[in-house]
Participant: 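Following this message is one structure expressed as structure tokens.
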Amino acid sequence: MAPSAAMLINGSSDAITDFVLKQGNGVKGLSEMGLKDLPKQYIQPLEEIISDAKIMPQASIPIIDMSKLDGPTVAEAVCRAAERWGFFQIINHGVPIDVLENVKESTHRFFRLPAEEKRKYLKELSPSNNVRFGTSFSPEAEKALEWKDYLSLFYVSEDEASALWPSVCKDQVLDYMRRSEIVIRRLLDVLMKNLKVTEIDETKESLLMGSKRINLNYYPICPNPELTVGIGRHSDVSTLTVLLQDDVGGLYVRGDDDYWIHVPPVNGSLVINVGDALQIMSNGRYKSVEHCVMTDGSKNRISIPIFINPRPSDKISPFHEVLASGEKAAYKEVLYSDYVKHFFRKAHDGKKTIDFAKIRI
């Protein structure tokens, strides 16, 4: 017999874990029960919630028209945004609107699957470590859970993706990843030239974009959005992240003086943000910035980030071109897989992951 909402709310945390995670229902399953109250496991500490008083309503991250990227003005705007904000939105980027719409629809298609279908991709059952359905961020390490389900797909090859990724979304996801690669390369080219890295050889290409992962994120309607988060405060561990939002909104970026800036959905745009790996490789010139996702009480939200990363076996450190003028390295050399493991073995904690690579003075 399926549990009732009351049974889950009043039951043990094991009952929630079993229903949400082990049975494959996710928080989507909880949301669709019509809960009136948030289960206590999802109630976040007050400091994790962004109050209205902490939001800068007039502030916004830059919106950059990529159709003129070949000119110096736009290239300069990209580099300035990466240095100052760590976040910017791009329009006229060349990825067709129908490709963006198709991948959004395929995301909804995956999350509409019955729980027993999604359950096949749980960590313990998935045919590959590179295909993972889950919920929250790191449930074993978190004191309070995040109100989010996800499908995480680590790209190895077209053949593996075709064989192992869920059939309801794989074609659209692969198309989106292929089409976005052109704009990613253009952005990295501009950002590297600003660092005096004039040639992206095979080694540099591996460090910048040797591996890729895409997440399909689902944030269901939340009964008490003021008590929890979709994703807690963190910076990404990527080189760059390319994010496709739907029209609901909920992404917030940390600005100056502990204030937060909403990143409103712009039709057809992609949100770009600097990750920790690029902050390290640029010796802090480009900034990875804390961000989080708030939940919504009336609409389901999806988002689709592509994480462009070094390969797990790569060692990352500041580029020698950046240090050539005598600038001191702020970060030590670290094995990228060690850095990523450090990130995933703890709950979201703002910008603390970067401390793993900092040189102590």
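Positions are given from 1, in the same order as the sequence printed here. All values derive from a computational prediction rather than experimental measurement.
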Participant: Going by an N to O cut-off under 4.0 Å, is there a salt bridge joining Glu181 and Lys212?
Facilitator: yes
Participant: Going by an N to O cut-off under 4.0 Å, is there a salt bridge joining Lys54 and Asp257?
Facilitator: no
Participant: Are Ser269 and Gln89 linked by a side-chain donor-acceptor pair shorter than 3.5 Å?
Facilitator: yes
Participant: Nearest 0.5 Å, what's the OH-OG distance between Tyr219 and Ser303?
Facilitator: 3.5 Å
Participant: Please state whether the rings of Tyr252 and His262 are parallel, tilted or perpendicular, taking 30° and 60° as the class boundaries.
Facilitator: tilted
Participant: Are there more than 12 heavy atoms of other residues, nucleotides or ligands under 6.0 Å from atom CD of Glu116?
Facilitator: yes
Participant: With no hydrogens and no angle check, do the side chains of Glu32 and Asn25 hold a donor and an acceptor under 3.5 Å apart?
Facilitator: no
Participant: Between Ser157 and Asp159, do the side chains contain a donor N or O and an acceptor N or O under 3.5 Å apart?
Facilitator: no
Participant: Measuring only between side-chain heavy atoms, which start at C-beta, is Asn300 closer than 4.5 Å to Tyr218?
Facilitator: yes
Participant: Could you tell me whether Lys170 and Glu158 have a side-chain N and a carboxylate O separated by less than 4.0 Å?
Facilitator: no
Participant: Under a 4.5 Å cut-off applied to non-hydrogen side-chain atoms, are Leu270 and Leu100 in contact?
Facilitator: yes
Participant: Consider only side-chain N and O atoms of Asn273 and Asp236, and report whether a donor and an acceptor are under 3.5 Å apart.
Facilitator: yes
Participant: Are Glu290 and Arg233 ion-paired here, with the side-chain N under 4.0 Å from a carboxylate O?
Facilitator: yes
Participant: Once rounded to the nearest 0.5 Å, what's the spacing between atom CD1 of Ile43 and atom CG of Asn224?
Facilitator: 7.0 Å
Participant: Side chains of Arg285 and Gln279: do they bring a donor and an acceptor to under 3.5 Å?
Facilitator: no
Participant: If the plane angle is over 60° it's perpendicular, under 30° parallel, otherwise tilted; pick one for Phe343 and His348.
Facilitator: tilted
Participant: Is any side-chain heavy atom of Asp296 less than 4.5 Å from a side-chain heavy atom of Cys222?
Facilitator: no
Participant: Roughly how far, to the nearest 0.5 Å, is OH of Tyr150 from OH of Tyr121?
Facilitator: 15.0 Å
Participant: If you measure only the distance, is there a donor-acceptor pair under 3.5 Å linking the side chains of Tyr286 and Asn194?
Facilitator: yes
Participant: Salt bridge check: are Arg185 and Asp189 linked by an N-O gap of less than 4.0 Å?
Facilitator: no
Participant: Does any N or O in the side chain of Asn283 come within less than 3.5 Å of the main-chain N or O of Ala330, such that one atom is a donor and the other an acceptor?
Facilitator: yes
Participant: Establish, for the pair Lys204 and Phe319, whether the NZ or CZ atom is under 6.0 angstrom from the six-membered ring centre and no further than 45 degrees off its axis.
Facilitator: yes
Participant: One thing to verify: whether Asp355 and Lys352 come together as a salt bridge, which I'm taking to mean a side-chain N less than 4.0 angstrom from a carboxylate O.
Facilitator: no
Participant: Do Thr135 and Asp149 get their side chains close enough for a donor-acceptor pair, meaning under 3.5 Å?
Facilitator: yes
Participant: Evaluate the ring planes of Tyr339 and Phe356, with Trp represented by its six-membered ring, and classify them as parallel (under 30°), tilted (30 to 60°) or perpendicular (over 60°).
Facilitator: perpendicular
Participant: For Arg311 and Ser206, does a side-chain donor sit closer than 3.5 Å to a side-chain acceptor?
Facilitator: yes
Participant: Can you tell whether the side chains of Lys104 and Glu101 come within less than 4.0 Å, N to carboxylate O?
Facilitator: yes
Participant: Does the side chain of Thr73 reach to within under 4.5 Å of the side chain of Lys68, using non-hydrogen atoms?
Facilitator: no
